[in-house]
Number of protein chains: 2
Amino acid sequence: LRMPDHPPTAEIVSVGTELLLGQIADTNAQEIGKLLAELGFRHVHRQTVGDKLEHIVEALQLALNRADVVLTIGGLGPTEDDLTREAIAGAAGERLEVDPSIVAHLRKVLAERNIPWVDSQSRQALRPKSATPIPNPNGTAPGLICPKGKKSIVALPGPRAEFLPMLRGPVRDHLLALSGGETIVSRTLRIVGVGESIVEERVRELIGGTNPTVAPYAHPGEVHLRISARARSKASALKLIAPVESRIRELMADAIYGIDDESLESVLLDLLRVRKQTLAVAESCTGGLLGGRITNVPGSSDVFLGGVISYANSVKVAQLGVPAETLRLHGAVSRECALEMARGTRELVNADWALSVTGVAGPGGGSDEKPVGLVYLGCSGPGFEEIEERRFGGSRESIRIRSVVAALALLRKGLLSVG
Amino acid sequence: LRMPDHPPTAEIVSVGTELLLGQIADTNAQEIGKLLAELGFRHVHRQTVGDKLEHIVEALQLALNRADVVLTIGGLGPTEDDLTREAIAGAAGERLEVDPSIVAHLRKVLAERNIPWVDSQSRQALRPKSATPIPNPNGTAPGLICPKGKKSIVALPGPRAEFLPMLRGPVRDHLLALSGGETIVSRTLRIVGVGESIVEERVRELIGGTNPTVAPYAHPGEVHLRISARARSKASALKLIAPVESRIRELMADAIYGIDDESLESVLLDLLRVRKQTLAVAESCTGGLLGGRITNVPGSSDVFLGGVISYANSVKVAQLGVPAETLRLHGAVSRECALEMARGTRELVNADWALSVTGVAGPGGGSDEKPVGLVYLGCSGPGFEEIEERRFGGSRESIRIRSVVAALALLRKGLLSVG
């Protein structure tokens with residue numbers, strides 16, 4: 001095999017009518033995508049085709065025209081719908097032949113599983129003449145690496161338990177050799193409290209770059225900025241990333257709450273853990289989603305005590321001690337009620353910090369004065385007390401998720417402000 | 001638009017570097033796949049391309065060569081990476097122009113959200129000259145339907161909360177019209193408390209059929225059986241569905257809790273509403289997810305009062321009145337504690353019915369006696385009191401979601417048993 005141009009190009013061809021029918025999500029292609037990024041491949045196209053020979057051959061030919069290595073997923077099983085072997089032979093212009101080493105493997109696996117040999121099994125022992133089988137310790141059909149001129153086709157089986165070990169072992173080694181050692185390292189800066197277009201405005205000077213690249217991704221209530229650099233080693237890539245990260249940190253200041261896989265809730269729980277402080281919640285329009293989000297984090301019980309879902313006003317009064325007067329004068333969706341809720345749950349649960357949420361999630365229940373999307377967030381802690389008014393758009397679901405993120409962002413503000 | 005050949009052909013072009021990098025699975029394409037199958041489209045190719053103009057244009061041209069309708073996903077946002085509009089104009093050979101109706105929509109949405117207008121937003125108001133915008137009530141950028149000779153390109157936004165309503169509403173209508181009058185009507189029977197393989201076993205006799213077809217879909221803790229019939233009119237299709245539905249109802253009896261879009265929580269809230277009864281929750285390992293799920297339903301405040309997130313034992317004792325003795329003798333993850341929690345929140349909140357959840361969600365905290373996945377669900381109501389022990393597999397997330405569904409299923413059992 002030649003050393004291809006750098007960076008080499010890879011393309012995935014996912015095979016399976018069940019993918020097109022939407023019966024399953026193509027999470028195998030997602031895994032290959034991550035690996036290709038890690039190894040620094042250029043990867044700009046993916047194709048998905050049904051179990052039809054001519055379509056698979058066509059897709060392989062197109063992929064071979066534009067990529068150095070083509071990875072196929074699926075279609076290696078024993079049934080008549082499994083046509084990837086035939087298609088690779090067709091695209092490579094080769095004949096299929098029986099590989100005795102595969103026959104031996106199949107007989108062994110079937111015997112171990114007490115499955116009688118049926119003739120259809122033998123289809124799995126076919127391979128294009130110049131292909132090398134990739135051992136499959138977790139199933140019957142092997143993978144294949146099939147050279148085609150200076151390029152290659154790598155065939156992986158579809159079942160997850162066979163696919164993943166093969167991808168992360170022998171296929172990774174094959175790709176690493178092809179990549180000539182270049183690697184891509186990415187770092188994601190996670191931002192809360194600033195909208196996507198404003199983030200993009202502020203870091204515009206960096207977005208046109210090619211190495212590293214900087215790209216924004218919007219998530220509900222958050223924006224993630226990904227910095228990706230390509231280099232001969234991880235250390236060199238990190239050196240390229242460092243000055244860009246510093247510049248973004250200057251531009252975005254406090255809005256960056258974490259990096260890579262750190263969720264907002266996990267960062268907050270860590271901040272509280274270090275201070276040996278605890279947290280409680282009082283939820284009205286979010287109905288438990290805030291507590292649910294916080295307790296997504298394993299080990300959150302160190303810090304999170306619980307709280308009250310005060311959906312009905314009677315619960316706000318009886319459990320949280322919100323004065324009936326407050327509800328009468330200002331209503332449940334008010335600055336005053338949010339404050340009483342936060343104070344009430346903090347005292348009730350005996351927590352250091354408390355968050356509250358009360359708002360109109362819609363679609364009903366809005367008025368001119370208090371429209372759908374109006375939400376008050378409260379935070380009460382040692383030396384910090386603040387109520388925030390927000391107006392969210394979108395569906396009930398969207399308003400509730402954004403309320404949860406805004407409440408967490410308010411806690412972060414509180415924790416940072418008291419040092 | 002002509003009536004295309006039957007069945008018409010559709011092709012999906014998913015746009016987004018984040019898809020190729022494997023940062024997210026392409027679940028939007030999966031949703032379109034299901035819809036195309038339901039509407040009887042031929043659908044044999046899918047392409048995925050990064051955020052690069054020439055690649056998107058190329059993919060659209062290829063797709064237009066082989067399909068009657070091309071559906072794009074993503075790339076409609078305000079950033080410079082959002083290039084789908086430009087690509088469609090390129091592939092259709094049209095110029096982009098500003099659509100005043102989209103500008104008005106953008107200004108309205110941004111004002112509602114208190115987001116200042118920045119110039120980059122105006123990119124979202126561009127559309128190819130002959131394209132029609134598809135309204136987006138859940139976000140900023142509209143979808144687009146762009147004719148190209150006798151064919152069309154339909155552009156959908158990537159964010160799930162904007163994508164799904166647009167797909168299931170106006171895009172479905174557009175596709176239905178293209179599908180040439182034959183209509184497919186589906187009816188989904190929603191089942192809880194019976195596993196997928198058992199459901200499949202029981203209705204096996206019906207699964208091989210072609211019109212109607214019967215297909216099971218697994219959801220966390222639930223199974224949905226979809227019956228789909230194709231006919232010249234909705235009434236004729238429903239006539240084909242009726243006998244199959246009756247037979248399934250015989251085979252599955254009480255396990256069917258609802259149809260089509262009726263969620264388990266909405267069905268339960270309706271049952272309670274009719275009886276003028278109220279509901280409370282006490283959550284430990286789910287940390288608020290149960291309340292969060294119930295309050296996803298608009299109007300849930302008629303019936304749902306709230307409750308207590310008793311994540312820490314101190315809250316179980318102080319708020320719910322679980323005797324310290326119970327925790328000492330049996331632990332927080334026990335039949336006894338689940339019962340006290342349900343009784344405690346029912347009394348505290350003064351509700352007719354109460355649900356409780358306590359368990360080991362993991363990944364830490366398990367023991368030989370109380371392994372990860374062990375969950376107790378409690379239900380206390382007028383004339384009904386029951387504790388259920390379950391052992392769930394999978395991730396922390398999966399255990400928590402299954403716990404929520406199992407708690408709701410237990411309430412359903414209670415409500416049905418007291419008539």
Side-chain angles (χ1 to χ4, degrees), chain A residues 20-22 25-27 30-31 33-34 37 43-50 52 55 195-198 200-201 207 215-218 281 283 286-292 294-296 298-299 301 304-312 314-315 349 363-364 373 391-398, chain B residues 18 20-22 25-27 30-31 33-34 37 43-50 52 55 77-81 109 112-115 118 120-121 138-139 161 281 283 286-292 294-296 298-299 301 304-312 314-315 319 349 363-364 396-397:
Chain A
L20 294 169
L21 290 175
D26 195 351
T27 51
Q30 190 184 1
E31 288 298 329
K34 285 185 209 168
H43 171 213
V44 292
H45 295 97
R46 184 202 299 166
Q47 300 179 71
T48 310
V49 287
K52 195 140 186 219
H55 294 148
E196 188 188 10
S197 50
I198 294 169
E200 202 178 327
E201 271 310 271
I207 281 183
Y217 296 91
V281 296
E283 303 191 52
T286 48
L289 289 183
L290 176 58
I294 293 167
T295 56
N296 278 340
S301 57
F304 181 67
L305 300 179
V308 175
I309 303 173
S310 55
Y311 212 60
S314 60
V315 179
V349 172
R391 282 155 200 268
F392 298 114
S395 63
R396 177 178 177 88
E397 193 189 347
S398 164
Chain B
E18 71 279 14
L20 294 170
L21 291 174
D26 196 351
T27 50
Q30 190 184 1
E31 287 298 330
K34 286 186 208 167
H43 172 212
V44 293
H45 295 97
R46 183 202 302 166
Q47 300 180 71
T48 310
V49 288
K52 196 140 184 218
H55 294 149
T79 79
E80 289 181 6
D81 275 353
V109 172
E112 277 168 12
R113 297 188 184 175
N114 276 325
I115 298 173
V118 290
S120 60
Q121 295 288 357
N138 304 298
V281 297
E283 303 191 52
T286 46
L289 290 183
L290 176 58
I294 293 167
T295 56
N296 278 341
S301 57
F304 181 67
L305 301 179
V308 175
I309 303 174
S310 56
Y311 211 58
S314 60
V315 179
Q319 304 317 312
V349 173
R396 178 180 177 86
E397 192 189 345

Let me know if [X] has heavy atoms under 4.5 Å from chain B in its side chain, its backbone, both or neither.
{"X": "A:Val308", "answer": "both"}
{"X": "A:Thr286", "answer": "backbone"}
{"X": "A:Glu196", "answer": "side chain"}
{"X": "A:Gln47", "answer": "both"}
{"X": "A:Ile294", "answer": "neither"}
{"X": "A:Ser301", "answer": "both"}

Item to complete: Taking the side chain as every heavy atom from C-beta outward, state whether A:Phe304 and B:Ile309 have any atom pair closer than 4.5 Å.
Response: yes

Which one of [options] has the most heavy-atom pairs closer than 4.5 Å to chain B?
{"options": "A:Ala312, A:Gly307, A:Ser395", "answer": "A:Gly307"}
{"options": "A:Pro298, A:Pro363, A:Gly291", "answer": "A:Pro298"}
{"options": "A:Glu397, A:Glu31, A:Arg391", "answer": "A:Arg391"}
{"options": "A:Ala218, A:Gly373, A:Ser197, A:Gly364", "answer": "A:Ser197"}

For the residue pair [X] and [Y], what are the closest heavy atoms and their distance?
{"X": "A:Arg46", "Y": "B:Leu20", "value": "CB-CD2, 3.9 Å"}
{"X": "B:Leu21", "Y": "A:Ala37", "value": "CD2-CB, 3.5 Å"}
{"X": "A:Lys34", "Y": "B:Gly22", "value": "CE-O, 3.3 Å"}
{"X": "B:Asp81", "Y": "A:Pro216", "value": "OD2-CD, 4.4 Å"}

Count the heavy-atom pairs under 4.5 Å between each of [options] and chain A, then report the option with the highest count.
{"options": "B:Val315, B:Thr79, B:Val349, B:Val49", "value": "B:Thr79"}
{"options": "B:His43, B:Glu18, B:Glu283", "value": "B:His43"}
{"options": "B:Val118, B:Val109, B:Val281", "value": "B:Val118"}

Item to complete: Could you walk me through whether B:Asn296 and A:Arg396 pass the side chain to side chain contact (heavy atoms under 4.5 Å, CB included) test, one step at a time?
Response: CA-CA 8 Å; B:Asn296 278 341; A:Arg396 177 178 177 88; 5.5 Å; no

Practice prompt. List for me each residue that meets side chain to side chain donor-acceptor pair (under 3.5 Å) alongside B:Thr27, sequence neighbours excluded, and say none if there are none.
Written response: B:Arg160

